[in-house]
Structures are given as structure tokens and as C-alpha cells.
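Residue indices begin at 1 and follow the sequence shown.
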Amino acid sequence: MATKPYTVKKKIGGVEYTAQFNGISAALEAADSGYIDGTSTASVVKHTKYLLENVIVEPKGLTADDFDNMDDLNAVIGFARNVMEGNFRDKQEKQKSANTKGSE
């Protein structure tokens, strides 16, 4: 089953971010490419860079240095990671179900 890109918006620190889900294969490739070369240690720098370049599609061209503090950066990275892994879908479906339960 092919997955088309899907976007999710969230406001963090007064800025609206749009993250794009590109499928589970893209998430697996991101995980594999995020290791420090020649080791089995994950690189926070590589992972952050990947998420800002490939998952956060608006605003475009973000780098870690565009953030004033680690709390905002970590919130955006957490949001991007959830979207990249497809974790947003179950929450949206549960919310839709809860909103329509009483109206049946």
C-alpha cells in the first residue's frame, strides 16, 4: 500500500510548524542514517538536522541555530519525530471517534 505525504500543523513557541509524514520507509531510513559514522551510537546532531530538513516543511530551511532555546527546539523535534513515525494518526482517529460518539 503506497503512502502519500500527509501534513500536520502545530503551534510551538508562537510559531506554526508544518510536519510531513513521508511513510514508514522514510522513518526507517532516517533512523539508519542518524548514527555517528563507524559506530552504533545515534547522533543527536544528524537526527535533528534530518528532521528539520525533511520532516518540518514549514517554515523551510530551519537549523538548530534558528531556535532561541533548547526547550523550543526539543518541542519541535518531538513533534517532527511523532509525525515522521506516523504516531499522529491514531490520536486524530480517536479524537474523531470521541467527537462523533454522542451524535450517532
Side-chain angles (χ1 to χ4, degrees):
M1 171 170 68
T3 303
K4 63 181 179 179
Y6 187 87
T7 59
V8 181
K9 295 178 187 261
K10 184 173 184 178
K11 200 167 198 173
I12 300 170
V15 177
E16 185 173 78
Y17 295 91
T18 303
Q20 181 171 292
F21 174 72
N22 294 306
I24 297 300
S25 292
L28 295 172
E29 287 178 28
D32 282 355
S33 68
Y35 288 98
I36 296 171
D37 295 336
T39 74
S40 60
T41 304
S43 169
V44 175
V45 172
K46 284 184 175 184
H47 188 65
T48 298
K49 185 176 182 198
Y50 180 89
L51 292 171
L52 292 177
E53 290 178 354
N54 299 288
V55 179
I56 299 296
V57 294
E58 287 295 330
K60 292 182 187 284
L62 290 175
T63 70
D65 291 329
D66 291 319
F67 294 85
D68 293 330
N69 58 69
M70 287 297 293
D71 287 341
D72 287 348
L73 174 61
N74 287 333
V76 171
I77 294 305
F79 165 58
R81 186 179 306 115
N82 280 330
V83 172
M84 177 184 73
E85 294 173 353
N87 294 330
F88 62 91
R89 293 181 295 180
D90 289 340
K91 293 175 187 172
Q92 288 180 338
E93 289 303 315
K94 286 178 187 175
Q95 188 174 13
K96 284 180 189 175
S97 296
N99 290 342
T100 58
K101 259 187 183 166
S103 62
E104 293 176 4

**OP:** Give the intermediate values and the outcome of side chain to side chain contact (heavy atoms under 4.5 Å, CB included) for residues L52 and V76.
**Re:** CA-CA 9 Å; L52 292 177; V76 171; 4.3 Å; yes

Subject >> Nearest heavy-atom neighbours spanning A80 and I56 >> reply: CB-CD1, 3.8 Å

**OP:** Work out which heavy atom in T39 is nearest to a heavy atom in T41; give both atom names and the distance.
**Re:** OG1-N, 3.1 Å

Original post:
Rounded to the nearest 0.5 Å, what separation is found between the NZ atom of K9 and the CD atom of E58?
Top reply: 7.5 Å

**OP:** Mind listing the closest non-hydrogen atom pair of E85 and F21 along with its distance?
**Re:** C-CE1, 4.1 Å

Subject >> Residue pair A42 / I36: nearest heavy atoms and the distance that separates them >> reply: O-CD1, 4.3 Å

**OP:** For the pair F67 and L62, evaluate side chain to side chain contact (heavy atoms under 4.5 Å, CB included) and give the outcome as yes or no after the intermediate values.
**Re:** CA-CA 9 Å; F67 294 85; L62 290 175; 4.2 Å; yes

Original post:
Quick check: are there more than 12 heavy atoms from other residues, nucleotides or ligands sitting under 6.0 Å from CG of D68?
Top reply: no

Original post:
Are the side chain of D66 and the backbone of T63 linked by a donor-acceptor contact shorter than 3.5 Å?
Top reply: yes

Subject >> Path from V57 to Y50 over hydrophobic side-chain contacts below 4.5 Å >> reply: no

Original post:
When you measure from the side chain of K46 to the backbone N and O of Y35, does any donor-acceptor pair fall under 3.5 Å?
Top reply: yes

Original post:
Can V45 be reached from M84 by stepping across I, L, V, M, F, W or Y side chains whose heavy atoms are under 4.5 Å apart?
Top reply: no

